[in-house]
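Step one of this worksheet: look at the structure below.
Predicted, not measured: the structure shown is a model, and the values here were computed from it.
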Amino acid sequence: MHHNAPLITTIVAGLVVAFIAGTLAHRLKISPIAGYLLAGLAVGPSTPGFAADPELAAQLAEIGVILLMFGVGLHFSLRDLLSVKNVAIPGALIQITVATLLGMGLAWTLGWSMGEGFVFGLALSVASTVVLVRALQVHNLVQTDRGRIAVGWLVVEDLVMVLALVLLPSVAAILNGTAANAGAAAASAVASTFLKVAGFIAVMLLVGRRAMPAVLHWVADTGSRELFRLAVLAIALGVAFGAAFLFDVSFALGAFFAGMILGETQLSRLATEEILPFRDAFAVLFFVSAGMLFDPAVVVEQPAALLATLAIILVGKSAAAYAIVRSFRYPDQTALTISASLAQIGEFSFILAGLGVSYGILPPDGRDLILAAAIISIFLNPLLFSFATSRGTLSLRTIVAARGSSESQESEQSPPPGHVVLVGFGRVGRIIADILGASGYALTVIEDRRDAAKAAESSGLRAIFGNATEVSALKQADIASASKLLIAIPEGFEAAIIAKRARGLNPDLRIIARAHSEPEVEQLQAMGADEIVMAEREAAARMAALACEAGEEEGEGLVRMADS
């Protein structure tokens, strides 16, 4: 029966093998993405044994792209997008031009025609949505200036690629000489695409801005978490599909705008939490599907051409992006981050390569080089990104120290020994901060949401913008000299990881955390938490105490009435 269920076998094989390979990669201290790519190679058609369906895997991967961009949109706003338009729009256009010209130059040396070189270079010019966003998320950069520029740059690239895909049939007709009026058709296609994109944006701003938040608030009022989760998924997938079906806009772009609209509502945080598990699972399938496309024979058959293609992606594109960002007078840190985030290619490159071959304007060798270079660049990108961001951080700290500036995210003045570290500045964290602040405690807050970190800083607290599960964030908070760690975030299992790593840095630390279930309590205890506050228990105990007090007062009243 399993032979008749290719969807199930593809999902099961992809996730199981990805889990095994990702775990091994994590144990070897390398990015799990490398493991996911190798998992795709293992279940792909290029290796012996079981082969999953690559077409189904690609469709599942598209869901991962949708959910990922929807999640990014939840943290973005139209104001954020417009704030980086001056660098993102010209930067993306110039970088695409440079990469395309470099690709055309390589194609010329390989003896290909100008048209084939154009499609080849264009496929090398666009970065992968999933890889870029995941890199920003891992390093907590989505809501920074660097993250906004990178995402804005990505949006422009997506728009250019949407236009390129629409124009590709007309370009093929011109190059193949099969249509006398191909030029007019191309001009009509350009006008039609601009009108459709403008129409989609208008619908989202005029209708979606009112309808989607209203639906989400209505569902939230029902009190059903299951319905709320379903509503978030329906909005993300529905808007993305509608954007592609009705307006010929990419799934990723449609989902991004849907998330951006919902990001302006008060329910954006809850929507983000609900979509995280789905996003991560399908994002893994994206890397698995990418690994399935890799044919190791290319490395042996065309090593020089493959190295040259990789050089365009890793060096040419990065150098162009770095020079462009620096020319707009952005700091070295920002330029390094942008250049590293763009040093890879992905899903749009696969689509362009496939269409180019089908239209006869890209040789099969070109497609093989694009696919092989994409997989290798995705494999190497986490390493390059980590190197670039660490270099950038070091550079920024050096500048800050030289100028005596206080613009760094971390306070230059170390907290006093015995201070308290608070993880999370949400509703619970703010109440804790108010109480401890009124009692005279020295408090350091770790928060992974930029707006919340700024709110903590505005309240006069020492705030660290970062993820407390990372040892670097705990060290910035001087956890080694702290007396107490209060973990106020609602995610109990994430809190357990924080407790374990904090305990390793400070064995004498008193750790107090919150939980919402018995399994979370057990996990926190196993990871070293000293005290665990379970909201349900505390609420039940308080309500029971109030009921008993009310009962005693009523009993005393009855006694007084009987005596009288």
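Considering only heavy atoms from C-beta on, Trp153 comes within 4.5 Å of Gln95 through its side chain. Counting heavy atoms from C-beta outward, Thr309 and Phe120 have side chains that approach closer than 4.5 Å. Leu7 has its side chain within reach of Leu60: a pair of non-hydrogen atoms, C-beta onward, lies under 4.5 Å apart. Put simply, the side chain of Leu122 reaches to within 4.5 Å of the side chain of Met161, judged on heavy atoms. Within the 4.5 Å cutoff, no side-chain heavy atoms of Leu37 are placed close to those of Leu41. For the pair Ile261 and Leu205, the minimum side-chain heavy-atom distance is below 4.5 Å.
Listed for the Ser318 side chain is a donor-acceptor partner under 3.5 Å among the backbone atoms of Ser339. Not one N or O on the side chain of Thr334 forms a donor-acceptor pair closer than 3.5 Å with the backbone of Arg146. Proximity of a side-chain donor or acceptor of Glu447 to a complementary backbone N or O of Phe425 within less than 3.5 Å is detected. Listed for the Gln344 side chain is no donor-acceptor partner under 3.5 Å among the backbone atoms of Ile313.
The side-chain hydrogen bond (donor to acceptor under 3.5 Å, both in side chains) analysis of residues 362-378, with sequence neighbours excluded, yields no pairs. Annotation: salt bridge (Lys or Arg N to Asp or Glu O under 4.0 Å) contacts involving residues 230-249, sequence neighbours excluded, comprise Lys196-Asp248. Sorted by first then second residue, the ring-ring contact (aromatic ring centres under 6.0 Å, His included) pairs that include residues 213-246, not counting sequence neighbours, are Phe241-Phe245.
Pairing each heavy atom of Leu132 with each of Leu342, the nearest pair is CD1-CD2, 3.9 Å.
Atom CG of Leu262 sits about 4.5 Å away from atom CE of Met212, to the nearest 0.5 Å.
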